[in-house]
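Structure, as structure tokens:
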Amino acid sequence: MDKIEVRGGAPLSGQVRIAGAKNAALPLMAASLLSEEALVLANVPHLADIATLAHLLAALGVEVVLDGTRGGTAPGGRVMALTARTIGATLAPYDVVRKMRASILVLGPLVARAGEAVVSLPGGCAIGTRPVDLHLKGLRRLGAELELRDGYVHARAPRGLRGATIRFPFVSVGATENLMMAASLARGTTVLDNAAREPEVVDLANCLTKMGAQIMGIGTEQLVIEGVARLGGATHEVLPDRIEISTYAAAAAASGGEIELLGARLDLIGAVVAAFDGCGVAIEESERGVRVRRRDGGLRAIDLTTQPYPGFPTDMQAQMMAVLATATGASTITEAIFENRFMHVPELCRMGAQISLHGSAAVIQGVPRLRGAPVMATDLRASVSLVVAGLGAEGETTVNRVYHLDRGYEHLVDKLRACGADISRVAD
Ligand code: UD1
């Protein structure tokens, strides 16, 4: 298994091209199941999770054609054309769903288009139990008959879905996406209350609208969807990855450099910009994206709580903790979205960080400098937080289990190297 070696201390300087958002591309790809015409997606990132979903969709009968510039770093990213002329199969097996929870996003579209689906339940994962009960309850409200058997959800709607009012008890990105897709082909009106407002949900709603869906309230907490009998094809460009943007900002903050993030958009990362501003890092619009610079005077402690959008994203919690590990003073980070999302804490502590856990809160007592160490993590964002920490640390950090990084960061090592980082990927 490959590992990444980072020798810290060099301030980053240069430019990084930001890829399309993984968490937007995945639901957009699933939306191809809703139409017999081609859905053409541009700016699709080059990531393991994208390949996993492409394989699953192909097994369901979707023709997947990957075109565009190979290598992934060219402007515009890759172009993926997905055509589901007919649905050839309706099974999403355990082996795929286990690898990637987002596979559950095929459930709503399959039931809506084909009238049936058999999708494995994802089960537990490294950042908590992460159930899919809201997806299932919502589909039941839309008239699907569901049965849970042998670890699978068997869903049927032989006479099609019908609109309903669904109020989510808390915000769920995936449930909002799944039900918005299903409701687009249901008979009548669906109201989704307390819907997620993440930019990736908005991107999906905009693409569905291009396909002929009738969705009102896009970007608000109440979505009203008038079902239509069929959806057509569309061409859509995936929005930039706000977590990738924010992660490179964290890298510059930890290393003390200045970088420009090409294609990045400030409007996607308001809460992240505010948090960085508070700890002494400026993120400003530049001609071709945004520019990140650690201000003179070093990093300062801040307190923050993860929240659904537009709050501070849980997917940036670990990277921010790596930055705050060397800030002056004590910071508190409260994780309000996922239980047990602190796997990076013991690893950061092995690098000399002083972090104590109190339930869902972490108290980070800043130290002047971290020291490199062999580390590993069991999820994507925790893994990248160790790379961020390593960039600012003294000596060498080896990050094991790199396959997590391949799920969500396109050409991470090349992009950081282009900014002067002393980092390499080595085969074990
Ligand atoms: C998505 C993102 C993920 C991000 C998360 C929160 C994708 C592919 N992944 O995940 O990177 O960290 O949003 O911003 O877009 N929950 C339930 N029952 C459900 C659904 C969710 O209890 O049926 C809980 C989850 O366990 C979690 C919270 O709700 O505690 C939010 O989860 P959700 O927004 O659904 O996350 P995902 O869509 O899985």
Side-chain angles (χ1 to χ4, degrees), residues 20-31 44-45 47-50 52-53 56 96-97 99-108 119 121-141 146 148 153 166-182 192 194-205 221 238-239 241-244 246-247 268-269 271-272 305-320 334-344 360 379-385 404 407-409:
K22 166 178 85 77
N23 287 353
L26 294 172
L28 286 165
M29 289 167 68
V44 176
L47 298 170
D49 275 8
I50 299 292
T52 302
L53 185 59
L56 172 59
V96 179
V97 183
K99 255 199 273 175
M100 189 184 63
R101 281 179 49 85
S103 323
I104 192 79
L105 291 170
V106 303
L107 178 61
V119 176
L121 292 167
C125 85
I127 59 174
T129 47
R130 291 184 88 178
V132 290
D133 54 318
L134 300 185
H135 301 240
L136 304 187
K137 275 186 197 143
L139 275 177
R140 276 205 176 104
R141 295 274 306 154
L146 302 191
L148 303 184
V153 47
I166 296 163
R167 184 174 168 79
F168 297 112
F170 47 87
V171 174
S172 164
V173 173
T176 302
E177 292 167 343
N178 225 341
L179 296 170
M180 180 165 61
M181 288 190 278
L192 300 180
N194 201 21
R197 291 181 281 162
E198 267 66 4
E200 294 76 22
V201 176
V202 171
D203 208 34
L204 174 64
E221 58 191 27
V238 180
L239 92 171
D241 194 322
R242 65 194 165 99
I243 306 301
E244 192 192 25
S246 309
T247 299
L268 299 174
I269 55 166
V272 171
T305 300
T306 60
Q307 297 287 343
Y309 192 83
F312 189 90
T314 174
D315 284 351
M316 265 306 289
Q317 183 254 104
Q319 303 89 309
M320 199 67 196
T334 307
E335 172 56 59
I337 308 287
F338 290 111
E339 49 178 304
N340 193 22
R341 197 173 196 177
F342 284 132
M343 293 84 57
H344 43 288
S360 62
D379 95 346
L380 168 61
R381 309 303 173 184
S383 296
V384 86
S385 79
H404 287 296
R407 293 188 49 197
Y409 290 93

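First listed ligand is number 1; within each ligand, the first listed atom is number 1.
Here is the list of ligand 1 atoms found below 4.0 Å of a heavy atom in Thr314: 6 (C), 12 (O), 14 (O). Heavy-atom proximity to Arg341, at under 4.0 Å, picks out these atoms of ligand 1: 12 (O). Atoms of ligand 1 found under 4.0 Å from any heavy atom of Pro131 (numbered from 1 in listed order, with element): 16 (N), 17 (C), 18 (N), 19 (C), 20 (C), 21 (C), 22 (O), 23 (O), 26 (O).
Checked by distance only, ligand 1 and Gly174 come closer than 3.5 Å through their nitrogen or oxygen atoms. For the pair Glu177 and ligand 1, the shortest N or O to N or O distance does not fall below 3.5 Å. The shortest N or O to N or O distance between Asp133 and ligand 1 is below 3.5 Å. Residue-to-ligand polar distances keep Phe170 apart from ligand 1: every N/O pair is separated by 3.5 Å or more. Residue Lys22 has no nitrogen or oxygen atom sitting less than 3.5 Å from a nitrogen or oxygen atom of ligand 1, judged on distance alone. Not a single N or O atom of Ala175, backbone or side chain, sits closer than 3.5 Å to an N or O atom of ligand 1. Of the N or O atoms in Ala102, none lie within a sub-3.5 Å distance of an N or O in ligand 1.
Under 4.0 angstrom from ligand 1, the non-hydrogen atoms of Ile337 come from both its backbone and its side chain. The parts of Leu134 lying near ligand 1 are both backbone and side chain, judged by heavy-atom distances below 4.0 Å. Under 4.0 Å from ligand 1, heavy atoms of His135 appear from its side chain as well as its backbone. Under 4.0 angstrom from ligand 1, there are no non-hydrogen atoms of Glu335.
Between Pro308 and Arg197, the closest side-chain pair of non-hydrogen atoms is not below 4.5 Å. Between His135 and Ser172 the shortest side-chain heavy-atom distance falls below 4.5 Å.
In this structure, Pro45 and Ile50 approach most closely via the heavy-atom pair O-CG1, 3.6 Å. Between Ala24 and Leu239, the shortest heavy-atom distance links the atoms CB-CD2, 3.4 Å. Listed here is the closest heavy atom pair of Pro27 and Leu204: O-CD1, 3.8 Å.
Residues Glu200 and Arg242 are paired through a salt bridge, judged by an N-O separation under 4.0 Å between the basic side chain and the carboxylate. Taking the charged nitrogens against the carboxylate oxygens, Asp379 and Arg341 do have a contact shorter than 4.0 Å, which makes a salt bridge.
Side-chain atoms of Asn194 come within 3.5 Å of backbone atoms of Phe168 as a donor-acceptor pair (strictly under, hydrogens ignored). Although no hydrogens or angles enter the test, the distance criterion places no donor-acceptor pair under 3.5 Å between the side chain of Glu198 and the main chain of Val201. The backbone N or O of Ala336 lies less than 3.5 Å from a partner atom in the side chain of Thr306, making a donor-acceptor pair.
Around atom 33 (P) of ligand 1, the closest heavy atom drawn from Val132, Val173, Ile104 belongs to Val173. When the options Thr176, Asn23, Leu53 are ranked by their closest heavy atom to atom 8 (C) of ligand 1, first place goes to Asn23.
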